[in-house]
Amino acid sequence: MITSTVEQSWDRIESWLARHAPVTHGLLRPPALLADIAAAELRLGVAFPPDLRESLLRHDGVELQDGTLLLDYYGPPSGVGEIVRSTEFLREVGEDVAEEEAELAEEERDEYAYWPRERLLITLGIGWQSSDGLFLVTRPGLHHGRVGRYFDETGSTFTPWTGLRHVLSDFATALENGLPFDGRMPLAHEGRLIWDDDRTVVADPTSALDIAAAAPEPQVPPAAEPAPPVPQSDGAYAVISFGGGGFFGPEPAPIVQPDVVFVADIDPGELLDRLGSVPATAGPRTREQARLSAGAPWAAHRPMVRAGFCGDGWSYATQEGGDAQFGRPEVLGRLSRGTRVVRLVKEGPEVRVTVMEDGIERPKAGHRVESPREDYVTRPDGQQWQQIGVDPWPGSTAAYARLLADLTVEYGIDWDPADDAAAPLASALLLPVLEEVPQARHPVTVVRDFDLGALVERTPPERLRSAVAAQLARLASETGVDGYPEIAQALKQAGWGEPVDLTTDGPLDLRMRTIRAETRAVRGLLDAARHQQDPAPVTAADLAAWYGRDAAAGALRRFLLLPLPAAAETVLSLRMSVHWRDELAVDLAD
């Protein structure tokens, strides 16, 4: 690829801006004065690289106001005055580490020093401040004129550009040919240059749930036979036991204090159904079996619960693995529908009892107990040491048992967590329920440099709804979520303005929850692979695709449940094609 000179690149940039983004074109400053450049060089004690001098003699930066020219996240090009102010500011900041960097060789300074004096910040970054942006190396040598990116939170890195003329040439080419510049797309919208992401996802991502379905559920091995007696010299027999407790006998089993919910007037089977049990995974399991299964590939990171009876008219469920469910408001709301729910959970120093009736929490009926940490001891010299193997919050352990006893007295709940460990209780993996869709807390304004608020004000509701439904259908196509028949049918009905069935546990709801479970399972496989030698059976591209499908399904829920402006904000923010603005204009005109 041929690299244009600085002058040629500015000719191309100005020509494109004049045709497509006249507002941005009008905010280019006139040329800098040679005297101002010379004064800046004298003040900073460096010579500006030729590319920078040529660029400043074409435009002394840009006017810093809405619609100005931005090099995407690198920010607006700086004029002479901004270069001086930014460079002096960063030199002052770098004085704190200058002494530590004094021994670096000259070439090493360019690579590793916080802010060498020979460096110039030539753009103002994301916040139009000196905290980030592009810089140039002015010191003669290997890196002279080279372009890097500075960010105050991560430091400095060099870019592939070896000079400012390469930056301007690539920028001009991106404008003229509709190509990405450093990964993002420059676009013209309402006379301004804007930037957006043009994204795609793999069309057919790997299903983690299919992988899990092909994996066997692990089984707890049968208990080992006791060792035969060993005859002693005097004819007596002794049993020698080896294991966790050595010669001192077995270590006591840890106290199990799982999250637990108690539900009145429903049986364990209905309790599991309300939690979202997956029928194909249902069966009796001991606690040991449930926890073994929950941690296996077979579970695909879905929560595992067990359920049983516990007193007169009460059922209970304990969670034995997976992401915590019993504290989620939407879960407690489902469990308490038409009845009463009592939840007990131990979280470090805190033990909490929550009571809900028919979806409404009863704060006065709840309990909350905290205890100080007690696994640290203070020596006579004042130093603190942590005791290994000690319960850090023994007070909360006692509170858990005490609150259980209180529940027996107050509600007739009779449950001991140690009693059901070996009992094969009804159990299943869960297809977690979706979170409640939050209501919008702010008026809709700007989405991806698009004034959605103004569009909402000037557009009749029915026309806007039809256009947003069309945008939703395009989002579904981009992510592949329209390949599911339940979602495809919902999109058709939404486009026709017909009601859509989104009832709990209905086909559409179950499909959306399955997509969410796929996303969680793929993420779990990738996380686990970081600690293993073998590669994961899924890729980051698979995860991105499932995230896209989950987000698109969520946008459909918002379209069905929220006021139109809030739903439109979500749909437009998720569109993958950068041409969505032009498509929206067509949708509004139809």
Side-chain angles (χ1 to χ4, degrees), residues 207-224 253 256-311 313-326 328 331-332 334-335 337 339 341 343-344 413-434 504-507 509-511 513-518 520-521 524-525 528 537:
S207 167
L209 296 186
D210 284 350
I211 294 174
E217 179 181 3
Q219 299 298 314
V220 174
V256 177
Q257 297 166 328
D259 288 1
V260 57
V261 287
F262 306 97
V263 186
D265 302 324
I266 66 172
D267 61 34
E270 183 179 348
L271 196 164
L272 289 175
D273 288 342
R274 290 193 181 195
L275 285 169
S277 63
V278 179
T281 68
R285 293 178 179 87
T286 64
R287 176 169 293 147
E288 183 181 8
Q289 178 63 62
R291 293 188 172 185
L292 176 65
S293 300
W298 170 84
H301 296 274
R302 290 168 289 185
M304 168 67 78
V305 293
R306 299 168 71 231
F309 291 102
C310 62
W314 288 90
S315 295
Y316 73 97
T318 58
Q319 182 164 346
E320 309 296 349
D323 297 332
Q325 298 295 306
F326 296 166
R328 300 178 59 201
V331 172
L332 293 177
R334 278 175 55 121
L335 289 177
R337 187 174 62 241
T339 186
V341 165
R343 168 182 175 254
L344 175 62
I413 295 171
D414 184 14
W415 181 71
D416 185 334
D419 286 347
D420 73 352
L425 299 181
S427 63
L429 294 175
L430 302 185
L431 192 63
V433 299
L434 298 173
T504 301
D505 297 327
D509 176 65
L510 290 175
R511 175 57 64 190
R513 287 159 59 187
T514 301
I515 293 172
R516 175 67 57 83
E518 287 277 16
R520 174 64 182 93
L525 288 173

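Everything numeric in this text was worked out from a predicted model, so none of it was measured. These numbers come from the heavy atoms of this one structure, side chains and all, not from hydrogens, waters or symmetry mates.
- Under the 30°/60° scheme for interplanar angles, the aromatic rings of Trp415 and Tyr316 are found to be tilted.
- Counting only heavy atoms from C-beta outward, the side chains of Arg274 and Thr339 approach each other to under 4.5 Å.
- With Phe326 as reference, Asp259 is the one residue of Leu344, Asp259, Val341 to meet the side chain to side chain contact (heavy atoms under 4.5 Å, CB included) rule.
- The two atoms that bring Pro424 and Pro284 nearest to each other are O-CB, 3.8 Å, heavy atoms only.
- Val305 places none of its side-chain heavy atoms less than 4.5 Å from the side chain of Leu271.
- In this structure, Arg302 and Leu430 have side chains that are not in contact, with every pair of non-hydrogen atoms separated by 4.5 Å or more.
- Proximity of Arg287 to Glu320: side-chain heavy atoms (C-beta onward) are separated by under 4.5 Å at one or more points.
- A donor-acceptor pair under 3.5 Å links the side-chain atoms of Thr281 to the main chain of Leu429, judged by distance alone.
- Distance alone, capped at 3.5 Å, places no donor-acceptor pair between the Glu518 side chain and the Arg513 backbone.
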Going through the distances and angles, do Val261 and Leu332 end up as a side chain to side chain contact (heavy atoms under 4.5 Å, CB included)?
-> CA-CA 9 Å; Val261 287; Leu332 293 177; 4.3 Å; yes
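- No side-chain donor-acceptor contact under 3.5 Å links Arg334 to the backbone of Thr504.
- Remark: the backbone N or O of Gly283 is paired with a side-chain donor or acceptor of Ser427 at under 3.5 angstrom.
- Proximity of Arg306 to Pro258: side-chain heavy atoms (C-beta onward) are nowhere separated by under 4.5 Å.
- One N or O on the side chain of Gln319 and one on the backbone of Gln325 form a donor-acceptor pair closer than 3.5 Å.
- Under the side chain to side chain contact (heavy atoms under 4.5 Å, CB included) test applied with Cys310, the options Val263, Val260, Ile413 reduce to a single match, Ile413.
- Between Arg520 atom CZ and Asp323 atom CG the span is 4.0 Å, to the nearest 0.5 Å.
- When all heavy atoms are compared, the tightest approach of Asp420 to Pro417 is OD1-O, 3.2 Å.
- Atom CH2 of Trp314 is separated from atom CG of Asp267 by 14.5 Å, given to the nearest 0.5 angstrom.
- Among all heavy-atom pairs drawn from Leu209 and Ala517, the shortest one is CD1-CB, 4.3 Å.
- The two residues Met304 and Ser293 have their closest heavy-atom pair at CE-CB, 4.0 Å.
- Annotation: side chain of Pro432 is in contact with side chain of Arg328 (closest heavy-atom distance under 4.5 Å).
- Nearest heavy-atom pair, Asp505 versus Asp509, reported as atom, atom and distance to 0.1 Å: N-OD2, 2.9 Å.
- In this structure, the side chains of Pro216 and Trp298 stay at 4.5 Å or more apart for every pair of heavy atoms.
- Summarising the geometry, atom CZ belonging to Arg516 is positioned 11.5 Å from atom OG1 belonging to Thr514; distances are rounded to the nearest 0.5 Å.
- Side-chain contact between Pro297 and Ile211 is absent, with no heavy atoms from C-beta onward closer than 4.5 Å.
- Considering CG of Leu335 and CZ of Phe262, their distance stands at 12.5 Å, rounded to 0.5 Å.
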